[in-house]
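Heads up: the structure comes next, in structure tokens.
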Amino acid sequence: MPLNFAPCVVIPCYNHGAMMAGVLARLAPFQLPIIIVDDGSNKETQQALAALVALDPQLTLIRLKQNAGKGAAVIRGLEAADRAGFTHAVQVDADGQHAIEDISALLALATQHPDALISGQPIYDDSIPRSRLYGRWITHIWVWIETLSLQLKDSMCGFRVYPIVPTLQLAQRVALGQRMDFDTEVMVRLYWQGNTSYFMPTRVTYPQDGLSHFDALKDNVRISLMHTRLFFGMLPRMPSLLMRRRAQHWAKQREVKGLWGMRVMLAVWQLLGRRAFSLLLWPVVGAYWLTAASARRASQSWLARVRGRLQARHLPVPANLNSYRHFLRFGDAMLDKVASWRGELQLGRDVVFAPEAEAALSMDQPQGKLLLASHLGDVEACRALAQLQGGKTINALVFSENAQRFKQIMAESVPQAGLNLIPVTDIGPDTAIMLKEKLDRGEWVAIVGDRIAVNRQRGGDWRVVWSPFMGQPAPFPQGPFILAALLRCPVLLIFALKQQGKLHIHCEPFADPLLLPRADRHAALEQAVNRYAARLEHYALQAPLDWFNFFDFWHLPDANDKE
């Protein structure tokens with residue numbers, strides 16, 4: 001732990017005297033100095049707090065003559081902590097609803113990001129009132145708009161670690177909300193100030209005998225006024241907020257598909273179901289569309305290419321070809337991803353096979369197959385193959401970081417998902433041997449053919465083949481095609497496109513096997529990649545909004561791209 005890291009606990013308390021003894025008992029193992037701010041409580045609470053302080057002289061009690069609100073109490077506690085020489089303060093609510101046992105993890109995160117606000121990201125049980133849950137999601141959406149970012153995952157959790165000096169500097173400069181509007185406003189304004197937030201999942205329980213100070217009328221008015229202030233405060237800050245994230249090439253970015261966080265998606269899905277979740281898609285995607293300038297430009301460029309190719313072939317141009325619809329389709333694909341994980345995509349109702357697909361995907365042959373996929377359409381719909389009679393185990397090769405995240409979330413939430421994710425950073429002999437063993441057991445392997453590997457060859461050259469795609473040469477990875485040749489198994493092209501409201505799985509033979517003779521290896525490899533690129537373009541023009549490569553696909557990273 002850094003030498004200048006000195007934490008304490010601040011507890012704002014208003015008429016929660018009966019619960020404080022239990023909260024302090026749960027805090028005792030951490031041996032942290034505790035500051036209690038009595039926010040003008042009744043006599044019973046005053047007496048209970050006085051008795052607790054008498055038993056433990058290490059407690060500091062601050063009394064406010066009149067009830068000033070949670071925000072005012074927290075700021076008073078931070079001021080006292082600052083005078084006492086503390087650098088960080090763990091805010092804990094006095095009602096005992098927080099998982100106090102997670103303090104160690106919150107503080108560990110605070111040591112890594114000492115200038116940031118560290119917050120719990122609530123995982124609720126069935127005790128949460130539905131009205132509270134819906135209200136929180138409305139606030140989430142407003143916060144994403146007010147920050148032009150999805151960085152702030154939950155702005156209402158009262159279990160957090162404040163960096164004391166930046167927070168007091170903010171409070172001296174700006175009149176913060178003092179009641180139920182405080183938690184959200186201080187987080188948003190700290191973000192504006194340059195002190196972002198980091199989040200850690202934590203369980204939250206609403207006690208059956210809990211005392212709530214939320215006034216449905218007054219506090220909702222306060223919160224509405226707060227969001228109005230923050231929205232208009234965001235407008236002059238828009239340029240600086242948009243500049244906080246410089247554009248990077250996709251190969252040096254995290255997957256956009258991690259946009260909302262899979263744990264949050266699954267939790268909301270379980271609580272609300274897909275239909276309610278879909279309603280949130282429009283404003284959330286709108287906020288992302290406004291902030292993701294690089295992805296928006298890539299989308300607009302892609303759609304311009306689509307229009308040009310369709311017009312050149314004298315084909316009709318769909319009426320809904322705009323970048324917001326493109327982003328919205330990507331969001332809908334994320335919902336399909338969750339439905340696929342949860343086993344809710346049903347053959348016939350949600351997923352159908354194109355006429356040529358069922359023959360190509362024949363399960364009769366015992367030999368394994370290589371599925372050559374792409375980021376065109378919902379790759380996760382391949383899981384529907386497991387529902388076919390005699391379904392096979394499908395092994396999907398993905399980048400290491402995403403694979404570990406997928407595997408952890410799926411193990412926690414949907415262990416029945418019939419997809420085995422294999423982490424890879426590069427395709428080498430070890431990978432080929434391992435996959436060959438799986439194919440020999442009759443398993444299938446899926447790999448995308450439209451994303452170059454992050455690693456380079458010695459000498460700094462990218463291992464790509466430049467192939468004509470949408471009217472211009474584009475870099476395609478060599479690895480998947482070399483792997484297919486090494487495995488000497490049937491290779492199929494597979495695309496899952498949203499058409500007429502359903503996912504249509506298109507599948508066609510590509511090679512059996514794919515041959516790359518030594519004497520003419522480069523020419524054969526180039527021919528194979530050219531065929532793949534041609535079929536990718538064919539299907540992309542059928543469902544252009546299903547193109548999920550939101551970057552300049554025709555450009556390679558260079559030395560100026562930031563890590």
Side-chain angles (χ1 to χ4, degrees), residues 1-13 23-24 26-37 58-60 62 70-123 136 143 147 149 151-172 176-177 180-204 261 263:
M1 188 172 291
L3 294 177
N4 61 344
F5 186 79
C8 66
V9 175
V10 170
I11 307 177
C13 177
V23 172
L24 294 177
R26 293 168 63 192
L27 283 168
F30 300 100
Q31 298 182 338
L32 292 169
I34 299 174
I35 300 172
I36 301 174
V37 182
Q58 298 299 318
L59 291 176
T60 299
I62 299 173
K70 177 183 179 179
V74 170
I75 293 299
R76 284 291 299 273
L78 295 183
E79 291 171 343
D82 184 48
R83 290 193 296 269
F86 296 110
T87 62
H88 291 75
V90 183
Q91 176 192 316
V92 176
D93 287 351
D95 55 9
Q97 68 176 343
H98 298 136
I100 292 175
E101 296 72 23
D102 290 335
I103 282 180
S104 295
L106 285 177
L107 290 176
L109 196 54
T111 61
Q112 299 174 32
H113 308 283
D115 296 326
L117 172 61
I118 309 301
S119 175
Q121 184 177 349
I123 301 173
R136 294 182 79 93
V143 166
T147 59
S149 169
Q151 171 71 28
L152 304 186
K153 297 179 174 62
D154 188 290
S155 65
M156 301 182 72
C157 181
F159 188 29
R160 48 179 63 174
V161 180
Y162 283 100
I164 293 176
V165 171
T167 306
L168 291 181
Q169 289 174 343
L170 174 66
Q172 291 167 5
L176 297 170
M180 293 295 180
D181 48 355
F182 171 76
D183 286 336
T184 295
E185 184 166 13
V186 70
M187 181 178 282
V188 170
R189 290 189 180 275
L190 280 172
Y191 181 87
W192 289 353
Q193 183 175 273
N195 303 96
T196 190
S197 297
Y198 292 87
F199 297 84
M200 189 203 73
T202 184
R203 296 197 175 278
V204 175
R263 277 198 182 90

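- Using a 4.5 Å cut-off on side-chain heavy atoms (C-beta onward), L170 and W192 make no contact.
- A 4.5 Å side-chain heavy-atom check between C157 and F199 finds every atom pair outside the cut-off.
- Remark: side-chain polar atoms of H88 are paired, donor with acceptor, to backbone N or O of P114 under 3.5 angstrom.
- Between D93 and K70 there is a side-chain heavy-atom pair separated by less than 4.5 Å.
- A distance of 11.0 Å separates CG in L190 from CG in D115, rounded to the nearest 0.5 Å.
- The side-chain heavy atoms of P7 and L32, taken from C-beta on, include a pair separated by under 4.5 Å.
- In this structure, T111 contributes its side chain and A108 its backbone to a donor-acceptor pair below 3.5 Å.
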Stepwise side chain to side chain contact (heavy atoms under 4.5 Å, CB included) check, N195 with L117: CA-CA 7 Å; N195 303 96; L117 172 61; over 6 Å; no

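- At distances below 3.5 Å, at least one donor-acceptor pair connects side-chain atoms of Q193 with backbone N or O atoms of P166.
- Taking a 6.0 Å sphere around CD of Q31, one finds it holds 12 or fewer heavy atoms contributed by other residues, nucleotides or ligands.
- Side-chain atoms of S197 and Y191, non-hydrogen and from C-beta on, never get closer than 4.5 Å to each other.
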Side chain to side chain contact (heavy atoms under 4.5 Å, CB included) evaluation trace for D183 with Q91: CA-CA 11 Å; D183 286 336; Q91 176 192 316; 3.8 Å; yes

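- When all heavy atoms are compared, the tightest approach of I164 to L78 is CG2-O, 3.7 Å.
- Using a distance-only test at 3.5 Å, with no hydrogens or angles considered, a donor-acceptor pair links the side chain of E185 to the main chain of G177.
- Nearest heavy atom pair, residue V23 against residue A94, reads CG2-O, 3.7 Å.
- Here the side chains of F159 and V90 are in contact, with some heavy-atom distance below 4.5 Å.
- Using a distance-only test at 3.5 Å, with no hydrogens or angles considered, no donor-acceptor pair links the side chain of Q121 to the main chain of D154.
- Of all the heavy atoms in A110 and V161, the pair that sits closest is CB-CG1, 4.0 Å.
- No more than 12 heavy atoms of other residues, nucleotides or ligands sit less than 6.0 Å from atom CZ of R76.
- For the atom pair L107 CG and I118 CD1, the distance stands at 9.5 Å (nearest 0.5 Å).
- Screening L27, V37, I35 for a side-chain contact (heavy atoms from CB on, under 4.5 Å) involving I11 leaves a single residue, L27.
- Summarising the geometry, atom CE belonging to M187 is positioned 6.0 Å from atom CG belonging to L152; distances are rounded to the nearest 0.5 Å.
- Residues I100 and I103 meet the side-chain proximity criterion, which asks for heavy atoms closer than 4.5 Å.
- Considering every non-hydrogen atom in both F182 and G71, the closest pair reads CG-CA, 3.3 Å.
- A donor-acceptor pair under 3.5 Å is absent between the side-chain atoms of S119 and the main chain of R160, judged by distance alone.
- In this structure, the side chain of T87 engages the main chain of A6 through a donor-acceptor pair within 3.5 Å.
- Contact of the V74 side chain with the V186 side chain is not registered, since no non-hydrogen atoms from C-beta on lie closer than 4.5 Å.
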